[in-house]
Amino acid sequence: DARVTQTPRDKVTEMGQEVTMRCQPILGHNTVFWYRQTMMQGLELLAYFRNRAPLDDSGMPKDRFSAEMPDATLATLKIQPSEPRDSAVYFCASGLGGGTEAFFGQGTRLTVV
Amino acid sequence: GENVEQHPSTLSVQEGDSAVIKCTYSDSASNYFPWYKQELGKGPQLIIDIRSNVGEKKDQRIAVTLNKTAKHFSLHITETQPEDSAVYFCAATDGNEKLTFGTGTRLTIIP
């Protein structure tokens, strides 16, 4: 049963702390997306990768957010330092690109207090 | 960049009736239009998609129509059932991977 796996599912942290979210894309998928979902902004694209190379991270606050793919089986999204306004659900999705289905993980619910 | 607008934001229909959700997009280069369903506590899941070379696509009770000239596309759900209650998102991309989502429609099916 191929699926995108995200960890942790829930994270509560204090303002100023570093947060790392992890994603294991579906084996064989060459495109990975990071989205942030809030009630106010809906689903915002933060960054996406093709064959582990970042294609666009213009949706990401560069001063505190960073996204990487150390290898084909792991994508990470890091926030340092975290702020209360970062509280949201962060989704990772993977696919084969070229305008095809993106498969979403269950998300990481981040709460910064 | 692409801008996708979605209406309505909330929709309630009687079980068995039809539901229609509409989206417009701004980038004429967009050529792939998926629809996702999101249930509480889960990630969005694709339910149907359409490409710009097709005007309509149907899968059982779900259909999508596309009007490229007007730059709008719609989701139609017929014979609605309680399990159709969820949030639905439309999206658009020009094939360069940047999938832009609409703001979502919360659909409630009234038994």
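Chain letters run A, B, ... following the sequence lines, proteins first and then strands; every chain starts at 1. All values derive from a computational prediction rather than experimental measurement.
Per-residue heavy-atom pair counts under 4.5 Å with chain B were compared for A/Glu101, A/Arg9, A/Gln106, A/Gln37, and the maximum is reached by A/Glu101. With chain B as partner, the option from A/Phe103, A/Tyr48, A/Phe33 having the largest number of non-hydrogen pairs under 4.5 angstrom is A/Tyr48. Ranked by non-hydrogen atom pairs under 4.5 Å with chain B, the options A/Gly42, A/Ala93, A/Ala102, A/Gly95 are led by A/Ala102.
When heavy atoms are compared at a cutoff of 4.5 Å, A/Thr100 approaches chain B by way of both its backbone and its side chain. Proximity to chain A (any heavy atom under 4.5 Å) is shown, for B/Pro44, by both the backbone and the side chain. Interface residue A/Leu55: only side-chain heavy atoms are found under 4.5 Å from chain B.
Side chain to side chain, A/Gln17 and A/Gln80 fail the donor-acceptor criterion of an N or O pair below 3.5 Å. Between B/His72 and B/Thr24, the side chains place no donor N or O within less than 3.5 Å of an acceptor N or O (distance only, hydrogens not considered).
Not one N or O on the side chain of B/Glu79 forms a donor-acceptor pair closer than 3.5 Å with the backbone of B/Glu15.
Here the closest heavy-atom approach between residue B/Tyr36 and residue B/Leu99 is recorded as OH-CD2, 4.3 Å.
A/Phe91 and A/Phe104 have perpendicular rings, their planes meeting at more than 60° on a 0 to 90° scale where under 30° would count as parallel.
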